[in-house]
Amino acid sequence: MPELDYGLQGQVDFGFYNMKTTLGKTRKVQFFTFVLSRSRYKYILFSDTPFTTASVIEAHEKAFAFLNGRPLVIVYDQDRLFLIDENLGDLIMTAQFRSYVKESGFDTWFCRKADRESKGKVENVVKYVKQNFLYNRSFKDLETLNDEVFAWLFRTANALVHGTTQKEPRIEYAIEKEFLREWKPYPTEQPEYPLYSVRKDNTISWKSNLYSLPLGTYKGKGTQVFLKVTLDQIILLNQKKEELCRHSICTLKGQKILQTDHLRDKRRMIGEMMEEFCELMENKPMALDWISQLKDAKPRYIRDQIQLLKTTMATVNTVIASKTLEYCSVNKIVSAVDFRNIAEAFLRESGPVEHQEVKIIPMNPLNGEMLHKAQTDPQRSDMDTYEAVFSGD
């Protein structure tokens, strides 16, 4: 197929993959892929639950935000998320998706199954994600996985030379973004989840079992949380629908499912960790402002985020750390994974680290006054003595 004009077309597809978790179990994840047909610039979004029409619309919105625009036409498979009927070419979209397409203003093209000439570019992206990003990667949680794939897009998928075009997607995207149509955010509907009352001991009752919540969730009579159910987990959300915690679903009755860290008051510890990070930076006010944004963006994983930041700081010098912090602040990047990858990129640009002479101190098994004993050669028995004993001579 000849190359299309800049800004003309994008392609959408889905994939799924069985990942190994950090606990040795298997977790099935699904992912949404979007690629601009001309530049091959990609966007990926993972989900740990099956996609619905509502979540697909939300994925489109995140892709358009990532691209800062939208193409004129988007190509799809004839998927149940988009269509409710097909009769000899007469396609009937679902009411929710039809309304979204009309409001957003892009055109749709539905191709037949396995039509590589129409949708081969995005099918190659699905294969690329499986064979490059997901291969041998462990699943920790959904937010971490989406942080990792965002960093992978930045350093690999959109940075390396494309095998067909022989051009870097990010360089081509710099041209194509000027041809994209204006994108205006579409108000997506938040899914409705049932409310459950929080007990005084920071637990909720669900299907005859008690599930724990972090210490301090209960704030008096009337405290409630939302409950979201997936295939094998329940996810508890606060009033802003931000995740508080999640539990594996217990199939027994009358059980109390607890997480030991829910009994600790971690608010003070997190504050101290944030202060420790700021002390490592030259521009402490900028560091405090940025780490506060990170805490607001990822409240449930802030401890892991700060730990990764401290690990990164141990591997770079002050100049690289300050340069990375400034870059993340200016570009509104609030992720420890991205901070690490950007710091590593700046470190590579700065050239090899000067070799430092390593001082080797010889070990003394005794003390300085008895060094001669360490060099003592023990007596050895003559093998003829043993042979004489065993032969009976």
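The first residue of the sequence shown is numbered 1, and numbering continues consecutively from there.
Formation of a donor-acceptor pair under 3.5 Å by the Lys332 side chain with backbone atoms of Ser329 is not found in this model. Gln11 places no side-chain N or O within donor-acceptor distance of the main-chain N or O of Val35, the cut-off being under 3.5 Å. Not one N or O on the side chain of Lys228 forms a donor-acceptor pair closer than 3.5 Å with the backbone of Ile234. For Ser335 (side chain) and Asp147 (main-chain N/O), no donor-acceptor pair under 3.5 Å exists by modelled atom type. No donor-acceptor pair closer than 3.5 Å links the side chain of Lys298 to the backbone N or O of Asp296. Using a distance-only test at 3.5 Å, with no hydrogens or angles considered, a donor-acceptor pair links the side chain of Thr223 to the main chain of Gly220. Remark: side-chain polar atoms of Asn209 are paired, donor with acceptor, to backbone N or O of Gln255 under 3.5 angstrom. Asn202 places a side-chain N or O within 3.5 Å of a backbone atom of Thr217 that can act as its donor or acceptor partner. Judged by distance alone, with hydrogens and angles left aside, the side-chain atoms of His247 form no donor-acceptor pair with the main-chain N or O of Ile235 at under 3.5 Å. The backbone N or O of Thr52 lies less than 3.5 Å from a partner atom in the side chain of Ser55, making a donor-acceptor pair.
No more than 12 heavy-atom neighbours from other residues, nucleotides or ligands sit within 6.0 angstrom of NZ on Lys207. In this structure, Glu242 places its CD atom where more than 12 heavy-atom neighbours from other residues, nucleotides or ligands lie under 6.0 Å away. Counting non-hydrogen atoms of neighbouring residues, nucleotides and ligands closer than 6.0 angstrom, the CG atom of Asn68 reaches no more than 12 such neighbours. Shown here is Glu103, whose CD atom has no more than 12 heavy atoms of other residues, nucleotides or ligands within 6.0 Å. Atom NZ of Lys25 has 12 or fewer neighbouring heavy atoms from other residues, nucleotides or ligands inside a 6.0 Å radius. When the shell of 6.0 Å around OH of Tyr218 is examined, it contains more than 12 heavy atoms from other residues, nucleotides or ligands.
Of the residues listed (Phe82, Phe46, Phe14), the one engaging Phe51 in a ring-ring contact (aromatic ring centres under 6.0 Å, His included) is Phe14, and it is the only one. Partner of Glu243 under the salt bridge (Lys or Arg N to Asp or Glu O under 4.0 Å) criterion, chosen from Lys240, Lys241, Arg246: Arg246. Just one of Phe66, Phe34, Phe31, Phe64 meets the ring-ring contact (aromatic ring centres under 6.0 Å, His included) condition when paired with Tyr43; it is Phe66. Screening Thr203, Leu258, Ile257 for a side chain to side chain contact (heavy atoms under 4.5 Å, CB included) involving Tyr211 leaves a single residue, Ile257.
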May I have the step-by-step check of salt bridge (Lys or Arg N to Asp or Glu O under 4.0 Å) for Asp201 and Lys256, ending in yes or no?
CA-CA 12 Å; Asp201 58 353; Lys256 194 169 186 177; 3.5 Å; yes
Chi angles and distances behind the side-chain contact (heavy atoms from CB on, under 4.5 Å) call for Glu279, Lys284:
CA-CA 7 Å; Glu279 289 298 321; Lys284 294 179 176 57; 3.4 Å; yes
Arg38/Asp5 under salt bridge (Lys or Arg N to Asp or Glu O under 4.0 Å): CA gap, chis, key distance, verdict
CA-CA 7 Å; Arg38 177 59 184 263; Asp5 294 336; 5.1 Å; no
Can you list the steps and then say if Asp304 with Lys140 is a salt bridge (Lys or Arg N to Asp or Glu O under 4.0 Å)?
CA-CA 11 Å; Asp304 295 333; Lys140 181 181 179 182; 2.9 Å; yes
Would Phe139 and Thr26 satisfy side-chain contact (heavy atoms from CB on, under 4.5 Å), going step by step from the backbone distance to the final call?
CA-CA 9 Å; Phe139 178 89; Thr26 301; over 6 Å; no
For Glu123 and Asp13, what are the C-alpha separation, side-chain angles and deciding distance, and is it a side-chain contact (heavy atoms from CB on, under 4.5 Å)?
CA-CA 7 Å; Glu123 289 180 356; Asp13 204 359; 3.6 Å; yes
Can you list the steps and then say if Arg70 with Glu182 is a side-chain contact (heavy atoms from CB on, under 4.5 Å)?
CA-CA 7 Å; Arg70 60 167 181 79; Glu182 182 183 3; over 6 Å; no
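Separating the CG atom in Leu45 from the CD atom in Glu61 is a distance of 12.5 Å, to the nearest 0.5 Å. Going from atom CG of Leu210 over to atom CD1 of Ile204 covers 9.0 Å, rounded to the nearest 0.5 Å. Going from atom CD of Glu58 over to atom OG1 of Thr53 covers 13.0 Å, rounded to the nearest 0.5 Å. If you take CG on Leu244 and CG on Leu227, they are separated by 11.0 Å, rounding to the nearest 0.5 Å. The structure places CD of Glu176 at 4.5 Å from CG of Leu36, a figure rounded to the nearest 0.5 Å. Distance check, rounded to the nearest 0.5 Å: NZ of Lys28 to OG of Ser47 gives 11.5 Å.
Counted by atom type alone, Asp289 and Ser292 present zero donor-acceptor pairs between their side chains at under 3.5 Å. Using modelled atom types, one finds no donor on one side chain facing an acceptor on the other under 3.5 Å when comparing Tyr173 with Glu178. Side-chain contact of Tyr6 with Glu172: a donor-acceptor pair under 3.5 Å is present, judged by distance alone. A donor atom on one side chain and an acceptor atom on the other are found under 3.5 Å apart for Ser37 and Gln9.
Relative orientation of the Phe339 and Trp290 rings is tilted, given thresholds of 30° and 60° on the angle between their planes.
By the 6.0 Å and 45° rule, Lys62 does not stack over the aromatic ring of Phe32.
Taking the six-membered ring for Trp and the full ring otherwise, Trp152 and Tyr128 have centroids separated by under 6.0 Å. Separation of the His60 and Tyr186 ring centroids does not fall under the 6.0 Å cut-off.
Considering only residues two or more places apart in sequence or on other chains, Phe277 meets the ring-ring contact (aromatic ring centres under 6.0 Å, His included) condition with none of them.
Side-chain contact between Thr318 and Glu282 is present, with heavy atoms from C-beta onward closer than 4.5 Å.
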Identify all side-chain donor-acceptor contacts of residues 309-316 below 3.5 Å with residues at least two apart in sequence or on another chain.
residue	atom	partner	partner atom	Å
Lys310	NZ	Glu276	OE1	2.8
Thr311	OG1	Gln307	O	2.9
Thr312	OG1	Leu308	O	2.9
Thr315	OG1	Thr312	O	2.7

